[in-house]
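Data block below; observations after.
Ligands are counted one by one from 1 in listed order, and the atoms in each one are counted from 1 as well.
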Amino acid sequence: MSTAGKFFDWNIYQVYPKSFKDSNGDGVGDLAGITEKLDYLKGLGINAVWISPCYKSPNVDNGYDISDYRDIMDEMGTTADWEELKEGLHARGMKLIMDFVANHTSDKHYWFEQARSSRDNPYHDYYYWAEEPLNDWQSWFGGGSVWEYNPPTGEYYMHTFAVQQPDLNWTNPKVRREMRDIVDFWVSKGVDGFRCDVIDCISKDFERRKMADGPLLHDYLHELFGRREVEHIFTVGECRTDESTILATCGEGRDELKCVFQFEHLDTGRSDKFTRKKPDLDGLRAVLVKWQNFTQSHNLPYVIVTDNHDQTAFISRAGNDKKLRYESATMFAAMFYMLRGIPLIYQGQEIGLPNAHYDDISAFDDVETLNYYREHAGTVPPDELMERINFGARDNARRPMPWSGGKNYGFGEGKPWTALHSRGGEINVARDLESGKSVYAFYRKIFELRAEYECLRNGKFEDITPRDGCFAYQRRGENGRVVVVCNFEKSGEIAVPDCGGLRCVLSNYGGEGRTVSGEYAPYEAAVFVGVL
Ligand code: GLC
Ligand code: CA
């Protein structure tokens, strides 16, 4: 098998720990809460768990502002809880992937507290400093310039994200050494992989005015991960990617990252983060086909992802999350998770959890959302502004996970840190599992099929879509093939070429008698297996 396919049998589940399960009733999700749910995840077919940051943090950006990389956030538990989680995973044959936030620290990190105190402090050079703002770059979270004045030194420091997230100066070899030690620390504790936060930001190009993807990115990544000691671990980079960057980062023999996310398809159904646009599913298909063909032809890995903690629910943007919620959630599940690549799903996705809805801004917590609200409050009419907030807020992905219809929807005993999901009574794990239309059962079946059919892991991807309004593809392996047919929102006839000898193994409209070609209902999806 090629090295690209090395992780094609990992089925990864992302946990946002603060919102997953509160084990001790203080209203905040924690590590022991994740440990409680490991059998639930195992039952779904998950064999790797990525947890968003659980390190010490003042929580300006929910843990993406780290004040101690080697310790656990008070709200999340203790190092002993972390060990128990790791042991619990490993005992079940599951992997643990941690978040690695290398571009910035918290302003409460010891390094920054030292660095900002005086110009000749030994830690000063751990960050970027300038006498005057070097440029007009704006923070990605809104709120103005990336340059913030620091009175004790009379200089400005750079923060790509919140003011409390100063960017580390990776041109300083000491910083690179520190970050390497942190990687080694967690690997020696038994971590199986890292999701590398905004990793292309670690190299900046001030001359050519690029905030990310600077000239030294590949040197830094190679120095960090191109070492025998960490050869075996899984790494996935969060970065904006074009073809050449992907090749340069995880192409054969690069020894940088094992894979990177590709997010182009996530723009389906929006013109920008906070504004809706009619979803163009034919366009979505074209994007997926493009990246499948590209990664396959270069023997590159690909991560299959539709949802994460920074995105609103994909089904709410691209599908119908009201009357046809089950149908669209499962159609997208079939459409994405039979592709060539490494499946990654986000908490709540397995029950078709859509966006929530609130009338008041007090239900929102995210720093990016609140900045957007503040900046538009004077100019955008209030109703429209709340519409945009409900549509685009990252809070959508961060509502306490609804486990049942009971108190706090089963999240925990105490009052949750943020508003419960507005649809948690109607949509929760317990209800989904009891339902004849269980999204969880559909995902479980997908993972079973991926385990059973070799062609779903290593087979070739081929687009066989006969017309617009649908997506049909096949995966062709050594011993057989799988054909996936997904109809979009309008019912109609789909005539798939060359489809004899196939048997339906999964369908979201009741599979018996489902033939490959024929009439398809709105968001109907079916999966067929057969010989070559
Ligand atoms: C990444 C994370 C996001 C975080 C940001 C700053 O985009 O996914 O949640 O706010 O980086 O660390
Ligand atoms: Ca708790």
*side-chain hydrogen bond (donor to acceptor under 3.5 Å, both in side chains) involving Arg180 - partner list, sequence neighbours excluded*: none
*Excluding sequence neighbours, so at least two apart, what forms side-chain hydrogen bond (donor to acceptor under 3.5 Å, both in side chains) with Ser67?*
none
_Gap separating the CD atom of Gln292 from the CZ atom of Arg340, nearest 0.5 angstrom_ =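 So the CD of Gln292 and the CZ of Arg340 are separated by 7.0 Å.
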_Number of protein N, O or S atoms [distance to the Ca ion (ligand 2) under 3.0 Å]_ = 5
_Residue pair Arg177 / Asp181, side-chain heavy-atom distance below 4.5 Å_ = yes
_Are the side chains of Arg195 and Glu238 in contact, using a 4.5 Å heavy-atom criterion?_
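Yes - at least one pair of side-chain heavy atoms lies under 4.5 Å apart.
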*Establish, for the pair Arg70 and Phe185, whether the NZ or CZ atom is under 6.0 angstrom from the six-membered ring centre and no further than 45 degrees off its axis.*
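Yes, Arg70 lies over the aromatic ring of Phe185.
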*With Arg399 as the cation and Phe364 as the aromatic partner, state whether NZ or CZ is under 6.0 Å from the six-membered ring centre and within 45° of the axis.*
yes
*What orientation do Phe447 and Tyr337 show, parallel under 30°, tilted 30 to 60°, or perpendicular over 60°?*
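Perpendicular: the ring planes of Phe447 and Tyr337 meet at over 60°.
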*Evaluate the side-chain contact (heavy atoms from CB on, under 4.5 Å) criterion for residues Asn390 and Asn355: first the C-alpha distance (whole Å), next the side-chain angles of each, then the deciding distance (0.1 Å), finally the verdict.*
CA-CA 8 Å; Asn390 277 300; Asn355 282 356; over 6 Å; no
*Mind jotting down which protein residues get a heavy-atom contact under 4.0 Å with ligand 1? Chain and number order, please.*
Asp61, Tyr64, His104, Phe141, Phe161, Arg195, Asp197, Val198, Glu238, His309, Asp310, Arg394, Arg398
